[in-house]
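Only one structure is covered here, and it is reproduced in the block below.
Only heavy atoms go into these numbers, but all of them, side chains included; no hydrogens, no water, no symmetry mates. Bear in mind the structure is a predicted one, so any value in this text is a computation, not a measurement. A, B, ... follow the sequence lines: proteins, then strands. Residue 1 opens every chain.
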2 protein chains.
Amino acid sequence: MSDDQLDLVFGALADRTRRAILARLAREDANVGDLTALFTMSQPAISKHLKVLEQAGLISRNRQGTMRLSHLEAEPLKDATGWLADYREYWTESYARLDELLESLD
Amino acid sequence: MSDDQLDLVFGALADRTRRAILARLAREDANVGDLTALFTMSQPAISKHLKVLEQAGLISRNRQGTMRLSHLEAEPLKDATGWLADYREYWTESYARLDELLESLD
DNA sequence: GTTATCTATAACCAGCAAGTTACATAAAGG
DNA sequence: CCTTTATGTAACTTGCTGGTTATAGATAAC
């Protein structure tokens with residue numbers, strides 16, 4: 001994954017509103033109105049966040065009537081995880097398998 | 001991990017210079033001069049990046065004579081990976097084990 | 001074609017981020 | 001002490017981020 005792409009992905013994840021949007025989209029696709037209702041900010045603000053997420057490749061969007069549904073595209077999250085994984089040997093539990101960590105999060 | 005902490009960690013990772021600093025520190029601790037030599041920017045700029053990394057918990061620093069050694073603290077990277085892992089079921093290879101991905105990166 | 005609904009865009013503002021140069025501070029050595 | 005080396009801090013500039021309001025554009029319904 002290129003530095004440019006990592007800039008976009010980590011930059012997108014650096015905002016808690018955008019992380020919350022991703023969490024919402026993980027459950028189900030949503031339109032702009034749905035997402036706006038979740039936060040205390042204006043619809044244009046949400047549209048901007050969606051644009052950032054789209055440019056990072058984290059969501060795709062398609063029209064459904066007058067609405068535009070946002071859909072989670074988690075592939076870049078995998079790539080970001082891959083980047084982070086290079087450091088797993090420096091974690092405290094150096095030799096614990098990562099999926100054990102993952103289990104512990106459930 | 002708190003939203004505040006995730007803001008700091010992902011924010012720190014959103015800059016390629018800081019990612020490169022982490023990559024360097026993964027090999028060996030380094031002082032500010034060492035790190036400055038790796039980039040085309042001034043020493044104060046590097047000191048600022050180190051401050052950001054320190055506030056995110058990604059490095060620790062201790063004096064060694066007139067120098068200050070930066071040391072990688074990868075625990076927050078584990079936490080960030082944990083956050084990302086919640087989305088692993090949405091990745092294309094939905095049911096591939098994450099450690100298989102990790103192997104493929106070596 | 002008018003209207004209503006949903007979303008995008010434009011213009012603006014405040015604050016922060018990332019860099020600079022100049023200078024201050026800390027520790028070690030003669 | 002005075003100097004040298006290494007690093008931090010202050011002040012400043014530039015540009016981006018995240019929000020706002022107002023308005024424009026696209027689609028569906030009538």
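- The separation between B:N31 atom CG and D:dT7 atom C1' is 10 Å, rounded to whole Å.
- For the atom pair B:N62 CG and B:M67 CE, the distance stands at 10.5 Å (nearest 0.5 Å).
- Near DNA chain D, meaning a heavy atom under 4.0 Å away, the residues from residues 54-66 of chain B are B:R61, B:T66.
- Note that CZ of B:R19 is 10.0 Å distant from CG of A:L84, once rounded to the nearest 0.5 Å.
- Between atom NZ of residue B:K48 and atom OG of residue B:S42 there is a gap of 8.5 Å, rounded to the nearest 0.5 Å.
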Could you list the protein-to-nucleotides 15-18 of chain D atom pairs, N/O on both sides, closer than 3.5 Å?
{"residue": "D:dG18", "atom": "OP1", "partner": "A:R18", "partner atom": "NH2", "Å": "3.1"}
{"residue": "D:dG18", "atom": "OP2", "partner": "A:R18", "partner atom": "NH1", "Å": "3.1"}

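- In terms of position on DNA chain D, the residue among A:S42 and B:P44 whose nearest nucleotide sits closer to the 5' end is B:P44.
- Distances shorter than 4.0 Å separate some side-chain N or O of B:R68 from OP1 or OP2 on D:dG8.
- Shortest non-hydrogen contact noted between A:R61 and A:S70 is NE-OG, 3.6 Å.
- Between A:S60 and A:E73, the closest heavy-atom pair is OG-OE2, 2.9 Å.
- Shortest non-hydrogen contact noted between A:L72 and A:A26 is CD2-CA, 3.8 Å.
- Between the CG atom of A:L69 and the P atom of D:dA26 there is a distance of 19 Å, rounded to whole Å.
- Rounded to whole Å, the distance from CD1 on B:I46 to P on D:dT7 is 12 Å.
- Pairing each heavy atom of A:F10 with each of B:A14, the nearest pair is CB-CA, 3.7 Å.
- Separating the CG atom in B:L13 from the CG atom in A:D7 is a distance of 10.5 Å, to the nearest 0.5 Å.
- Between B:Q43 and B:T36, the side chains place no donor N or O within less than 3.5 Å of an acceptor N or O (distance only, hydrogens not considered).
- One can place CD of A:Q43 at 12 Å from C1' of D:dA22, the figure rounded to the nearest angstrom.
- Nucleotides of DNA chain C that come within less than 4.0 Å of any heavy atom of chain B span, from the 5' end to the 3' end, C:dA18 to C:dA28.
- Distance check, rounded to the nearest 0.5 Å: CD1 of B:I46 to CG of B:N31 gives 11.5 Å.
- Under 4.0 Å is where a charged nitrogen must lie from a carboxylate oxygen, and between A:E54 and A:K51 no such pair does.
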